[in-house]
Amino acid sequence: MLLAWYDRHRRRLPWRAAPGETSDPYRVWLSEIMLQQTTVKAVGPYFEKFVARWPDVTALGRASLDDVLRMWAGLGYYSRARNLHACAVAVTREHDGVFPDTEEGLRALPGIGPYTAAAIAAIAFDRRTMPVDGNIERVVSRLFAVEEELPQAKPLIQQLAATLLADSCAGDETSRAGDSAQALMDLGASICTPKKPACSLCPLSEDCMARARGTQETFPRKAPKKSGTLRRGAAFVVTRGDELLVRSRPDKGLLGGMTEVPGSDWLAGQDDAAAKQQAPELKGLSRWQRKVGVVTHVFTHFPLELVVYTAKVEARTRAPEGMRWVPIATLADEALPNVMRKVIAHGLGF
DNA sequence: CAACCGTGGCT
DNA sequence: TAGCCAAGGTT
């Protein structure tokens, strides 16, 4: 039985309540947002930092968006941080600091979609619902040998996963809906892995249709995704003594609201000369020095190649409109996405 | 509804 | 290595 396996093999995770203890909706919510498309390993340190600084949802609701973005820097998918903050504000101001305890109520909050609403409802409030994430999609598609491709198969998989919830809870005094979901997630993470699943260790192997056919690894069915076109651009690392010239990106879109050094557009097929022409204009800047090599970075939808130029300007040189000087020593505190950390490291010779 | 939205680790 | 993958949501 699935829950019996879970009771023995469940992962110990910072946001999970100990067996028998009630879980904190704030920690469940925070972890679920961080874990969207992000590995447990990457989330760990960020989760600890967040709960240490903001122990509850009202504390986070009082924080500034900028502080939240700075703390989130490096985790990726930055709209999550904006929605996280907006959600904390909404819960604080409109729900008296108490999370709604129904899927519907949770779903109405920013950053909480169908998966996360079901996950919080099940894990934090023991609601009888089955969240379906990537792990559960894989487990269920193998268990029932779902031939339909993703994402079209989502409704079917959701339905099949729900039957699993009913099965795993039959006869239980409490529903343990959250444990059923987390059991399937742990199974997907540790046993029913994308490649070379350890079927011999799986508590569901006897019931697995794909296993019976020996085709586990071919599920879930999925069309191969096309890779984006390479884009090129230039980045400009300007120092004034021990300070660096930076600006903030627009609130929406790629790396929304994050800090960057000035740079050109990022376009497919753009040549170096065109990119360099978009350099910021500073008084008393004698010449640009092109750093050898390029900075490469891969976003979800396209790979990026950045040429880096450096220049020094005299003390008290004014920052161009919309830009500012920040001490290099405090760069770690800025809301710098990793691509910009790479650029700065390359430009400054770290 | 398909496209957009980061990053790091693993095979 | 180059692609795949991770506790998805928003538009």
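Below, read A as the first sequence line, B as the second, and so on, with proteins coming before strands; counting in each chain starts at 1. Computation of the quantities below employed the complete heavy-atom set of this structure, encompassing side-chain atoms and omitting hydrogens, waters and symmetry-equivalent molecules.
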So A/Y309 and A/F236, would you call those rings parallel, tilted or perpendicular, with 30° and 60° as cut-offs? parallel
Would you be so kind as to tabulate the donor-acceptor pairs closer than 3.5 Å made by side chains of residues 81-90 of chain A, with sequence neighbours excluded?
residue : atom : partner : partner atom : Å
A/R82   : NE   : A/D251  : O            : 3.3
A/R82   : NH2  : A/D251  : OD1          : 3.3
A/H85   : NE2  : A/A63   : O            : 2.7

Length of the [atom1]-[atom2] vector between [X] and [N], whole Å:
X: A/R249; N: B/dC4; atom1: CZ; atom2: C1'; answer: 13 Å
X: A/L106; N: C/dG9; atom1: CG; atom2: P; answer: 12 Å
X: A/L150; N: C/dC4; atom1: CG; atom2: C1'; answer: 14 Å
X: A/R107; N: C/dT10; atom1: CZ; atom2: P; answer: 6 Å
X: A/Y115; N: C/dT10; atom1: OH; atom2: C1'; answer: 18 Å

Are A/R142 and A/F219 in a cation-pi contact, defined as NZ or CZ under 6.0 Å from the six-membered ring centre and within 45° of the axis? no
Distance under 6.0 Å and angle within 45° of ring axis: A/R249 vs A/W266: yes
Which letter, B, S or -, goes with each nucleotide of nucleotides 5-11 of chain B from 5' to 3', with contact meaning a protein heavy atom under 4.0 Å? BBBS---
Going by atom type alone, with no hydrogens or angles, which donor-acceptor pairs under 3.5 Å involve a side-chain atom of residues 275-282 of chain A and a protein atom two or more places apart or on another chain?
residue : atom : partner : partner atom : Å
A/Q278  : OE1  : A/D265  : N            : 2.9
A/Q278  : NE2  : A/Q270  : OE1          : 3.2

Among residues 7-17 of chain A, which ones have heavy-atom contacts with DNA chain C below 4.0 Å? A/R11, A/L13, A/W15, A/R16
Show every salt bridge (charged side-chain N to carboxylate O under 4.0 Å, His left out) that has at least one partner inside residues 10-37 of chain A, sequence neighbours left out. A/R11-A/D186, A/R16-A/D186
Using a cut-off of less than 4.0 Å, is there contact between a side-chain N or O of A/S227 and OP1 or OP2 of C/dG3? no
Do the side-chain N or O atoms of A/R82 get closer than 4.0 angstrom to the phosphate oxygens (OP1, OP2) of C/dT10? no
Just checking, any donor-acceptor pair under 3.5 angstrom between side chains of A/T129 and A/E103? yes
For A/Y77, which fellow cluster members are found when Ile, Leu, Val, Met, Phe, Trp and Tyr are connected by side-chain heavy-atom distances below 4.5 angstrom, either directly or through intermediates? none
